There are 2 protein chains.
Amino acid sequence: MRSAKQVFPYLSPMDHKRATIRDIASALKLSPSTVSKALRDHPNIGIVTRERVKKLAKELHYVPNQTAIRFKQQKSYTLGIVIPNMLDHFYVAAVEGFEKFAYDHGYQVLIGQSHESLQREKELLLTMQSNRVDGLVIAISRETTDTSHINEVVYSGIPVVYFIRKPINEELHCVCSDVYTGAVDAISYFVSRGHKRIGFINASSYWTTSRDRFLGYRDGLIQHGIPFDKSLVQESDFSQESNYQAIRRLMQLDDPATAVLTFKDQVMLDALNCLRFEFASIAPAVELIGYGANPMIQYLEHPPLASLKEQPYEIGQKSGLLLLDLVNHPQTEYAPQLVKFPCNLHVFTSHKQR
Amino acid sequence: MRSAKQVFPYLSPMDHKRATIRDIASALKLSPSTVSKALRDHPNIGIVTRERVKKLAKELHYVPNQTAIRFKQQKSYTLGIVIPNMLDHFYVAAVEGFEKFAYDHGYQVLIGQSHESLQREKELLLTMQSNRVDGLVIAISRETTDTSHINEVVYSGIPVVYFIRKPINEELHCVCSDVYTGAVDAISYFVSRGHKRIGFINASSYWTTSRDRFLGYRDGLIQHGIPFDKSLVQESDFSQESNYQAIRRLMQLDDPATAVLTFKDQVMLDALNCLRFEFASIAPAVELIGYGANPMIQYLEHPPLASLKEQPYEIGQKSGLLLLDLVNHPQTEYAPQLVKFPCNLHVFTSHKQR
DNA sequence: TTGTAAGCGTTATCAC
DNA sequence: GTGATAACGCTTACAA
């Protein structure tokens, strides 16, 4: 067994050229094509030759050169995934689902983070094209109101699937959460607990995921005969300051909110802290519901009322499935699908026990 | 502006072949080499030609084919990073630092997650080699007690840098946290608050990062004249059940711990919950310190005493720097460096105010 | 069952 | 200032 000591200083490619199919071929007095076939168990290579080839390949530490294969095959066996941020568990879970699916089908994954910047998103898409990814899924950035850069990718022959966030009026496959129904359920639950002043902290954007949350909020109220009040709807950009501002406004109304639905758990957590620090007297009476069912909530002594549990892993997987289907059937016309995964209201234990 | 509608069904490569340097060359009645040089602002191409080329390139939506460039240059312009897990903020932050450095130097990043499996780690390294990454940083999995697969990579000419976790007795560059000093500081702080029964929940492993925490814990005690007591040291595999078990054992001793240092914040959070649910009477008196300064702690009403704030982003950056140096100077002999970033004790506000 | 040769897109070298 | 040619490692018709 070679130890680290022995390999110092590590051998540069000059000292130790990586073995190629040619090297194996000439050593064995075979042709490169025979070696190539033997290594891949091609049926019309004799068993003896095949074994000889494999044995030597192992001895020479032959590792197939993917960069050459990709180039030759005009296929990168790589799928791209563009997300806003890896610090958000939700996106990480989605990436995991996507990655698992991709790996299981022989594809690699190139991850890009837009950090909510349109500029960065455009650069990422160029990189993806330049790397000739075979397909791409994307959760658009907050700044993405124009999608010409995405259409450019589609036009260049790379299939694209939206996931989690989709621009309004764009028609490509999309996999996301059924946030509408989730919002309706949340409102119903609030109403069942006697709330009438129900606030909503949304994200300002071009995404359907914001619009649908809003529609669910509004329809939920209407279904229970509660008039819609514009002043109960606030927007946040997810920064702590912005989250604090939004909850403050809802608390400082003449008739303040007694319950608040938030765009996601991170917003809810900040709201919870703001209530605790700045509105201590009324804080315990204010009930909150977010989206995401962040596992960290289990560590809170006074958890929020509930959270809408989404299925990011499954969303990632399903996006991968739709994408690979497009990759493998490039010329087929298709009707863009909109796949929605349910958001289930997850009520935290301490509230259930009341 | 092309709209999504117009591109439906999306054009397959057959309908719309991607432009190559050859296409541009023949359209302009130039040679491919001239076009290639023009696109890269090579000095001995006339300004007129250059502009003509660039104009047409834009019109044809020419995007350089990285797969061809990589192949031609025998360089992938890709760096690999292998981590156990992306669900851990700490590693995500490290990846971010590494990625930023890599991108700024014209490299892409291929991320691999071992999920603490040696088998998976080996597969990842093969993939990395197969993709001819120009270099690799790795935080080894929990199961990695033998490093021959890593030496194999080094031997094949790909420089490797360890980060965060390093096997004992392996000599390559390594960038990690100064967990030893962190542990000593934590113990000193515990002692200054009157603790004498100080427990420690460590990770069982072959990593220096476990050994160093332990040595810091032990030396910290010794420095304050507190005898080392083996029963105060427990091990955990980071699962919730394992974390609960570990803290339970420390609480059920004849002379229980009154303070506990944990391998990382996740362990501390579970310990906190376990204390709250199962040892409510003594819980408030037990003080905890973890590693990581997880931002979620700010949402706890009764936060732990403190956390050792590490610098994962900087660790990622520095690993990138050392790695690129190796990539760019392949034949230089080098003495393996061990770079340590400080762990600073971060005391949570509610305790400061006591 | 094995061998030959062409070609994927780009760039480096050298010639003009 | 521009062009011709070879080469990177591999796969795949097609030929033997």
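Fair warning: this is a prediction, and the values are worked out from it, not measured in the lab. In what follows, chains are A, B, ... by sequence order, proteins preceding strands, each numbered from 1.
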ask   = Cation-pi between A:R120 and B:Y103: NZ/CZ under 6.0 Å from ring centre and within 45° of the ring axis?
value = yes
query = Between atom CG in A:L30 and atom P in C:dT4, what is the gap in whole Å?
reply = 11 Å
ask   = Between D:dT11, C:dT10, C:dG3, which one does the side chain of A:K37 approach most closely?
value = C:dG3
query = When all nucleic acid strands are considered with a 4.0 Å heavy-atom cut-off, which category describes A:K75: base, sugar-phosphate, or nothing?
reply = nothing
inquiry  = Under 3.5 Å, is there any donor-acceptor pair linking the side chain of B:S31 to the base of D:dA4?
reply    = no
ask   = Do B:K72 and D:dG9 have a side chain to base donor-acceptor pair shorter than 3.5 Å?
value = no
query = Any ion pair linking A:K54 and A:D41 (charged N to carboxylate O, less than 4.0 Å)?
reply = yes
ask   = So, the side chain of A:Q108 versus the backbone of A:T78: is there a donor-acceptor pair under 3.5 Å, distance only?
value = no
key: SB check B:R165 B:E116 (cutoff 4.0 Å)   = yes
request  = When you get a sec, tell me which of C:dT10, D:dG9, D:dT11 is the closest nucleotide to the side chain of B:Q74?
outcome  = D:dG9
Distance in angstrom units between A:Q73 CD and D:dG9 P, rounded = 17 Å
Earlier contact from the 5' end, DNA chain D, for B:R132 and B:R50 = B:R50
note = note: B:I45, atom CD1; D:dG3, atom P; distance rounded to Å ~ 8 Å
ask   = How close or far is atom P of C:dT1 from atom CG of A:D41, stated in whole angstroms?
value = 14 Å
ask   = Quick one: A:H42 NE2 to D:dT12 C1', roughly how many Å, whole number?
value = 9 Å
request  = Mind calculating the distance between OH (A:Y62) and P (D:dG9) to the nearest angstrom?
outcome  = 10 Å
query = Using a cut-off of 4.0 Å on non-hydrogen atoms, how would the nucleic acid contact of B:R40 be classed: base, sugar-phosphate, or nothing?
reply = sugar-phosphate
query = Which part of the nucleic acid, if any, lies within contact of B:T49, taking any heavy atom under 4.0 Å across all strands shown: a base, the sugar-phosphate backbone alone, or nothing?
reply = sugar-phosphate
ask   = Does the D:dT2 base have a donor-acceptor partner in the side chain of B:S33 within less than 3.5 Å?
value = no
remark   = The nucleotide from C:dG3, D:dC10, D:dT2 with an atom nearest the side chain of B:T34 is D:dT2
Protein-nucleotide distance (A:N65, atom CG; D:dA7, atom P), rounded to Å = 18 Å
key: Integer-rounded Å distance: D:dC10 P and A:R18 CZ   = 11 Å
inquiry  = Taking A:E59 first and then A:K55, would you say they form a salt bridge - that is, a charged N and a carboxylate O separated by under 4.0 Å?
reply    = yes
task = For B:F71 and D:dC8, say yes or no: do the ring centres fall under 5.5 Å of each other while the ring planes differ by less than 30°?
result = yes
query = Under 4.0 angstrom, heavy atoms only, what part of the nucleic acid is B:S36 near: base, sugar-phosphate, or nothing?
reply = base
